[in-house]
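Heads up: the structure comes next, in structure tokens.
Residue numbers start from 1 in every chain, and the chains themselves are labelled A, B, ... in the order their sequence lines are given, proteins ahead of strands.
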2 protein chains.
Amino acid sequence: MTSPSTPRRKAPDAATASALKLFVVLARAQRAIGERMEASLGAHGLTHTEFAILEALYHKGPLLLGEVQRKILVSSGGITFLVDKLADRGLVERRLCESDRRARYAVLTRKGEALMSDIFPAHAEAIREAMSGLSRAEQKQATTLLKQLGLAAATAATAAAADGSRRTAAG
Amino acid sequence: MTSPSTPRRKAPDAATASALKLFVVLARAQRAIGERMEASLGAHGLTHTEFAILEALYHKGPLLLGEVQRKILVSSGGITFLVDKLADRGLVERRLCESDRRARYAVLTRKGEALMSDIFPAHAEAIREAMSGLSRAEQKQATTLLKQLGLAAATAATAAAADGSRRTAAG
DNA sequence: TCATATAATCTTAGTACTAAGATGACAACG
DNA sequence: CGTTGTCATCTTAGTACTAAGATTATATGA
């Protein structure tokens, strides 16, 4: 029994085909790597976003909630939610800001510091392994190309979003 | 008023630094491109996953729900949910399978076909533009590198997930 | 033929985050 | 100084999907 009719579509031109192919391959690569990271972090009960917060605090020290938010690219509600969760686990705590009574610092607790000291090296190693399909030279090449691609794509997207971001700035 | 203490962390070795850099740049590029796609599809009230279903049906013709699911990499509950939504909008309908009473085909309706005829060219154009930060040769180069990277990353992830996928196969 | 294992889809409960909005605080300007 | 505009964080409702499980049907092997 064959499935119902199978349509034929016009083949794209070479430029579009090239772009579509890159799009698909890029998404797949990102997905494969992302899944490895999620598995690795999941073993510690962390989502990648939670980990990103811990990582930012670990490397940069205490940051205002808004600073963290802009660094890891989540919404304002999101940063509240995530810091709440990390605080509930005793990994992060909020501190007052002396110069602005609205603001709060997120600070790693001792427990949070210890966890990061423990898992960051393993995380870095997992990333190193995830990228090991490429040689160092290939990695650098890919980095250069993707940086160029990402900046160009983000520039146009930023222009389109410029009005939108004014409205969503309040989170 | 400076923020509280700012810690110093040991610098990673060159191999790890290279991998970490590629990881960040890849994620950013994917995010930038993804945001452009979401904006483009959102204008038609479609999530990228919904679009992926429509696209698969548009190019391949009717497919069993499980075939669609495996093609776009969503869970079994997810395909039910998404096809329900597309069916509610009259873009897709379910058809019986003569040879297997459990199975269902997802089929584009006339309305769904018309929508795809309308928006697929624009979508392809949007992808072409999103990738226009790279020349055709650069795109090919990036495709080659990322394919290699993605396959290597997915191979190891598949091995690790082999046990897990046995348990999640029921979706 | 029959029992067991596997498969296709649906159902249900849950999760990680977003968008929209609220509240209180600060900045800017006349 | 007072008013208005802007900002930092929190609250609330909502969304897109996942994981786990249920039900029915098919495949496999003795």
Side-chain angles (χ1 to χ4, degrees), chain A residues 1 3 31 34-35 37-39 41-42 45-53 63-89 92-106 161 164-171, chain B residues 1 3 31 34-35 37-39 41-42 45-53 63-89 92-106 161 164-171:
Chain A
M1 162 78 198
S3 63
R31 186 187 182 108
E35 277 171 1
M37 294 307 111
E38 299 287 354
L41 295 175
L46 292 171
T47 65
H48 86 271
T49 318
E50 286 169 343
F51 179 78
I53 292 172
L63 296 168
L64 296 178
L65 289 203
E67 289 174 329
V68 183
Q69 174 191 345
R70 285 186 292 277
K71 211 170 257 316
I72 69 171
L73 302 172
V74 297
S75 65
S76 90
I79 198 69
T80 298
F81 170 74
L82 290 155
V83 168
D84 280 353
K85 288 211 298 173
L86 293 171
D88 287 348
R89 288 176 63 179
V92 165
E93 61 191 11
R94 285 173 168 82
R95 295 255 175 91
L96 299 183
C97 171
E98 285 179 18
S99 58
D100 187 338
R101 289 166 55 183
R102 300 169 299 181
R104 296 289 183 273
Y105 283 105
S165 66
R166 289 266 167 74
R167 297 166 59 188
T168 61
Chain B
M1 162 81 196
S3 62
R31 185 188 184 106
E35 278 171 359
M37 295 305 111
E38 298 286 355
L41 295 175
L46 291 171
T47 65
H48 86 272
T49 319
E50 286 170 341
F51 180 79
I53 292 172
L63 296 168
L64 295 178
L65 290 203
E67 287 174 329
V68 182
Q69 175 192 343
R70 285 186 291 278
K71 211 169 254 324
I72 71 169
L73 302 173
V74 297
S75 64
S76 88
I79 199 68
T80 298
F81 169 74
L82 291 155
V83 167
D84 281 351
K85 287 211 300 174
L86 293 171
D88 287 347
R89 289 176 62 178
V92 165
E93 61 191 11
R94 286 174 167 82
R95 294 255 175 90
L96 298 183
C97 172
E98 286 179 16
S99 58
D100 187 337
R101 289 169 52 186
R102 300 169 298 182
R104 295 290 180 273
Y105 282 105
S165 67
R166 290 268 164 76
R167 297 167 58 189
T168 62

- Message: Both A:Thr80 and B:His48 contact DNA chain D. Which one's nearest nucleotide lies toward the 5' end?
- Response: A:Thr80
Please tabulate the protein-to-nucleotide N/O contacts below 3.5 Å involving nucleotides 13-16 of chain D, giving atom names and distances.
{"residue": "D:dA16", "atom": "OP2", "partner": "B:Lys85", "partner atom": "NZ", "Å": "3.2"}

- Message: Would you say that A:Gln69 contacts A:Ile53 through its side chain, given a criterion of any heavy-atom pair below 4.5 Å between the two side chains?
- Response: no
- Apply side-chain hydrogen bond (donor to acceptor under 3.5 Å, both in side chains) to B:Arg102 and list each qualifying residue two or more places apart in sequence or on a separate chain. B:Asp100
- Which part of the nucleic acid does B:Gly66 contact within heavy-atom distance under 4.0 Å: base, sugar-phosphate only, or nothing? sugar-phosphate
- For the pair made of CG in A:Asp88 and C1' in D:dC10, what is the distance, rounded to whole Å? 15 Å
Give me the distances for all protein-to-nucleotides 23-28 of chain C N/O pairs that come in under 3.5 Å?
{"residue": "C:dA25", "atom": "N3", "partner": "A:Arg102", "partner atom": "NH1", "Å": "3.2"}
{"residue": "C:dC26", "atom": "OP1", "partner": "A:Arg101", "partner atom": "N", "Å": "2.7"}

- Message: In whole Å, I'd like the distance from the OH atom of B:Tyr105 to the C1' atom of C:dC10.
- Response: 19 Å
- Gap between atoms CG and P, on B:Leu96 and C:dC10 respectively (whole Å): 11 Å
- Query: Atom CG of B:Leu82 and atom OG1 of B:Thr47: how far apart are they, to the nearest 0.5 Å?
  - Reply: 6.0 Å
- Note on the structure: Closest heavy-atom pair, B:Phe51 versus B:Leu46, reported as atoms and distance to 0.1 Å, is CD1-CD1, 4.2 Å
- Any residue meeting side-chain hydrogen bond (donor to acceptor under 3.5 Å, both in side chains) with B:Arg101, in chain and number order, not counting sequence neighbours: none
- Query: Below 4.5 Å, heavy atoms only, C-beta onward: do A:Arg70 and A:Leu63 meet side chain to side chain?
  - Reply: no
- B:Ile79 atom CD1 is separated from D:dA19 atom P, nearest whole Å, by 15 Å
- Is there side-chain contact between B:Val74 and B:Val68, with heavy atoms separated by less than 4.5 Å? no
- Could you list the residues that satisfy side-chain hydrogen bond (donor to acceptor under 3.5 Å, both in side chains) with A:Arg31, not counting sequence neighbours? A:Glu35
- How close or far is atom P of D:dA19 from atom CD of B:Gln69, stated in whole angstroms? 11 Å
- Query: Can you check the A:Leu64 CG to D:dC10 P distance for me, whole Å?
  - Reply: 11 Å
- Less than 4.5 Å apart, any side-chain heavy atom of A:Arg94 and any of A:Leu65? yes
- Axial bend angle, the helix from C:dT1-D:dA30 to C:dG30-D:dC1: five-pair end segments, nearest 10°: 30°
- Whole Å only: how far is the CG atom of B:Leu73 from the P atom of D:dC17? 13 Å
- For A:Leu96 and A:Tyr105 the tightest heavy-atom approach is O-CD1, 3.6 Å
